[in-house]
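Basis for what follows: all heavy atoms, side chains included, without hydrogens, waters or symmetry-related copies.
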Amino acid sequence: MPRGRLRIYLGAAPGVGKTYAMLEEGQQLRSIGADVVVGFVEPHGRRPTAALVEGLETIPRRSMTHRGAAFTEMDLDAVLACRPQVALVDELAHTNVPGSRNTKRWQDVEELLDAGTDVVTTLNVQHLESLGDVVRQITGVPQRETLPDEVARRADQIELVDLEPELLRRRMLHGEIYPSDRVEAALTHYFRVGNLTALRELALLWLADRVEEGLQRYRAEHGITAPWETRERIMVALTGGPEGETLIRRAARVTARTPGSELLALHVVPSDGLVHADPAALTAQRALVESLGGSYHQTSGEDLPATLVQFAEAENVTQIVLGASRRGRLSTFLYGSVGHRTIRRSGPIDVLVVTHEHAAGESSPLRLPHPTRATGPRRFWAAMLMTAVALPALTLLLAALRDDVELAFVLVLYLLTIVVIALVGGLVPALLAALAAGLLADYYFTAPLHSLHVERTSDVLALVVFVVTAVVVGMASGTAARRTYEAVRARSEARALSRLAAALMHGEGLASLLEQVREDFGLDAVSLLAEDTEHPAAPRWHMVAGAGEDPPERPYDADVESPAADGLILAARGRSLSSDDRLVLEACAAQLVMAHVHGRLAAVAAETGLRAEAEHTRASLLLAASRDLRAPLRTADEALHRLSSLPAGPDSRPPVREVERFLATARSSVRRAVQLVTDLDDLSRLHAESLDMYPRPVDLDEVLTAVLDILGPGSQRIRCSLPEQLPDVIADAAVLTRVLAALAAEALRHAPPERPADLTAETGPGRLAILVTDGTTGDADGVVSGKQEGRTTDSVILRLSRDLAEAMGGTLAPVAALPGFAMVLTLPTAGPLASRKPA
């Protein structure tokens with residue numbers, strides 16, 4: 001069955017006419033034969049709105065009672081049973097009365113949509129969850145009923161019902177929105193012109209963003225890359241150089257001239273020979289962009305103009321603002337300026353090149369392209385060192401053997417050296433070595449010697465062929481070296497990413513993953529930073545996890561930063577990274593985000609489980625407490641009732657003996673109830689880990705003596721069977737006395753009048769088992785061997801005794817094999833057995 005369609009009438013405030021518009025649409029649909037029902041409509045006493053309900057089939061509301069008050073809600077089952085084509089459901093963000101099938105009305109609407117019913121509904125912008133804090137700042141009124149933005153964004157159609165603030169206030173004065181007794185307060189508080197204007201702007205902006213999302217989705221689905229100038233988007237390209245502030249302010253002025261335009265700033269990690277950007281300068285430029293209302297972005301790319309245009313097309317940018325080139329003449333001649341290459345690629349996107357004081361001029365020095373990009377700086381400088389050492393050494397050796405070698409042999413040796421240099425350092429060292437070798441061969445091995453003049457034509461041709469061959473072989477060898485370097489680098493990058501992925505799959509913590517990233521990239525410290533959007537007054541960034549010494553706590557404290565996700569940044573301190581390294585770091589950052597998200601989900605799941613367990617424990621404790629308290633309170637109530645009903649004696653007073661007996665019974669019952677409340681309080685403190693406990697070696701004889709003293713006369717009905725030798729147990733003496741006294745009291749309460757309760761102890765490896773029974777049957781055999789089976793101890797005193805025993809490192813469990821009351825307390829022992837002292 002196809003899913004129904006959702007249509008929302010969005011308003012900036014109550015009274016703009018959302019419900020009226022919804023009912024008008026319902027009447028129009030009914031007039032063309034559609035099956036329309038009113039699931040829920042709240043006219044709020046407005047007669048024009050109520051009049052529109054007439055003629056529409058209305059599903060009767062469901063009556064509910066909550067805390068003694070009567071309420072009505074939409075009868076979801078009745079609407080589903082009707083299977084209408086269209087259902088009109090007012091107030092999408094409404095919270096249902098407790099006891100309803102769903103907590104929120106939008107969940108009811110989801111069920112209708114899943115059943116294939118189209119739904120027309122209403123919503124005020126202040127009920128959107130993402131705008132709750134903004135609305136509270138504007139109006140001073142917190143919104144208790146909110147709707148997740150995603151629910152509204154999934155709507156098939158959203159129509160804005162707009163009304164001028166003055167017209168809305170006029171409707172309020174005429175009593176068309178609120179009753180007369182609420183009009184004055186509403187006009188002076190919520191319905192002030194400033195509030196209504198701000199809410200109206202929020203609604204327009206939110207809907208505009210939603211329309212923009214739909215447009216971008218349409219462009220992506222249809223493969224449209226050319227910008228559509230639905231609104232001006234000005235993007236300024238930042239290199240981190242000193243001209244950045246000038247470019248940002250110029251782009252901001254262009255943005256300000258066009259209402260509704262948007263400012264973006266993009267920094268592409270350079271890979272074209274310019275020095276890496278200063279992190280401090282980029283941080284300052286980012287702060288400037290954000291202070292001017294723009295957004296800052298960062299990406300990496302091999303080709304700077306291609307990356308700029310690709311980003312601009314993806315973001316539907318209409319203008320790109322660039323700074324005039326800071327390159328020297330040679331670099332511009334070889335590669336062309338970034339501005340010219342961007343203009344050639346930009347297509348319909350306008351490119352504005354802004355001059356600045358740092359642009360290269362006529363007197364700018366020549367600047368060679370960066371030579372280490374092909375094979376890395378280490379291999380490049382190693383090849384340069386080989387050129388400076390190997391060629392002179394080879395020349396000296398061959399010069400000493402000049403009479404025995406020919407020019408062809410010399411050139412072959414030089415060519416071999418050039419190939420080795422090219423394989424090590426790439427093209428640039430190979431070209432330098434080829435030119436140097438040609439000059440050395442001419443100077444030392446062609447007539448006339450020690451001169452660059454060449455007499456024989458054959459030698460000239462040989463040298464020319466040698467230089468050309470050396471250049472071609474050097475270029476080929478350099479290309480092979482570059483490919484080899486790229487392959488090795490790709491293999492190391494893949495190894496680093498696979499190691500990180502494997503560690504992520506094995507569930508390693510975020511700190512461990514960050515440490516692995518730090519080691520792979522040779523950094524001093526790495527941290528994952530999250531932007532704090534919930535507490536504006538707090539510092540903007542906080543560190544989720546870090547590795548290394550003094551990890552950066554803010555993006556501008558780092559030497560390298562890589563955006564990981566919305567509100568997350570991977571910051572690093574240490575060596576400067578190349579553009580290739582930054583690309584790998586971005587991939588690692590994405591995996592770290594996955595680990596962070598998984599960790600948060602696991603923490604939420606664990607917290608939810610703990611909360612559910614705590615709620616279950618609390619509910620069972622309250623149930624046990626109510627049951628345990630009922631008996632002594634009932635006994636006390638009966639004793640007091642009988643006391644009040646005693647017949648008077650000859651002196652008009654009840655018999656003293658009877659009065660004392662009933663008072664003693666009442667006092668005993670009340671004391672028992674008080675003890676139960678105390679036990680419940682101690683149990684809560686124990687669960688909250690606020691009950692002090694001091695485990696130490698304890699003599700069981702001393703504890704049993706204290707227990708018998710607590711029981712008083714009842715101790716005479718307890719039979720103790722203890723072995724001759726007992727080890728000390730590890731326990732808190734006071735807590736152990738309390739537990740054993742409680743168990744003995746329960747055993748006496750369950751024991752038949754003619755039989756005493758039993759307390760038996762049995763030792764085992766590293767522990768001592770104490771069996772307390774009501775004396776009906778059984779012995780302690782098997783207590784230590786583990787034959788006991790746990791049953792739930794659902795009374796407060798037994799629950800407290802069990803938790804206290806576990807807090808001391810022991811256990812307390814019922815013995816299923818024995819009838820009646822039978823509990824076994826197991827405690828760890830302190831050491832070797834001690835001989836029992838004679839009584």
Side-chain angles (χ1 to χ4, degrees), residues 270-276 302 327-336 360 364-402 405 407-446 449-454 459-489 576 578-580:
S271 58
D272 57 359
L274 292 176
V275 296
H276 290 300
E302 187 70 23
R327 280 187 171 141
R329 289 189 294 273
L330 178 58
S331 179
T332 302
F333 173 76
L334 293 176
Y335 293 97
S364 299
L366 295 177
R367 186 179 296 170
L368 291 172
H370 202 283
T372 65
R373 197 177 72 185
T375 57
R378 290 185 179 180
R379 295 180 59 175
F380 172 81
W381 292 113
M384 295 297 290
L385 181 63
M386 289 180 61
T387 303
V389 174
L391 287 180
L394 179 62
T395 302
L396 292 177
L397 176 62
L398 293 175
L401 302 174
R402 184 184 299 114
V405 295
L407 179 61
F409 181 74
V410 171
L411 296 180
V412 168
L413 290 180
Y414 276 135
L415 186 60
L416 176 63
T417 305
I418 292 169
V419 170
V420 173
I421 292 173
L423 291 175
V424 173
L427 176 61
V428 174
L431 293 179
L432 293 178
L435 294 176
L439 293 175
L440 291 173
D442 182 15
Y443 191 81
Y444 286 101
F445 300 102
T446 59
L449 298 177
H450 307 300
S451 171
L452 295 179
H453 178 69
V454 182
D459 291 342
V460 173
L461 292 176
L463 288 176
V464 171
V465 171
F466 165 74
V467 172
V468 172
T469 304
V471 170
V472 173
V473 172
M475 292 178 62
S477 301
T479 301
R482 184 175 70 253
R483 299 302 182 196
T484 303
Y485 173 78
E486 292 173 352
V488 172
R489 178 176 180 82
S576 178
S578 65
S579 60
D580 294 332

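- At least one side-chain heavy atom of M384 sits under 4.5 Å from a side-chain heavy atom of L432.
- Taking each heavy atom of P392 and T387 in turn, the nearest pair found is CD-O, 3.6 Å.
- To the nearest 0.5 Å, atoms CG (L394) and CG (L413) are separated by 5.5 Å.
- Of all non-hydrogen atoms in V424 and A382, the two that sit nearest each other are CG1-CB, 4.3 Å.
- Inter-residue side-chain proximity for L385 and V389 is flagged as met; some heavy-atom pair is nearer than 4.5 Å.
- The structure places CZ of F409 at 9.0 Å from CG of L401, a figure rounded to the nearest 0.5 Å.
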From CA spacing to verdict: side-chain contact (heavy atoms from CB on, under 4.5 Å), L439, L435:
CA-CA 6 Å; L439 293 175; L435 294 176; 5.5 Å; no
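- Heavy atoms only, all atoms of each residue included: L391 and L440 are closest at CB-CD1, 4.1 Å.
- In the model, Y414 has a side-chain atom that pairs as donor or acceptor with a side-chain atom of T395 under 3.5 Å.
- Atom CG of L431 and atom CD1 of I418 lie 9.5 Å apart (nearest 0.5 Å).
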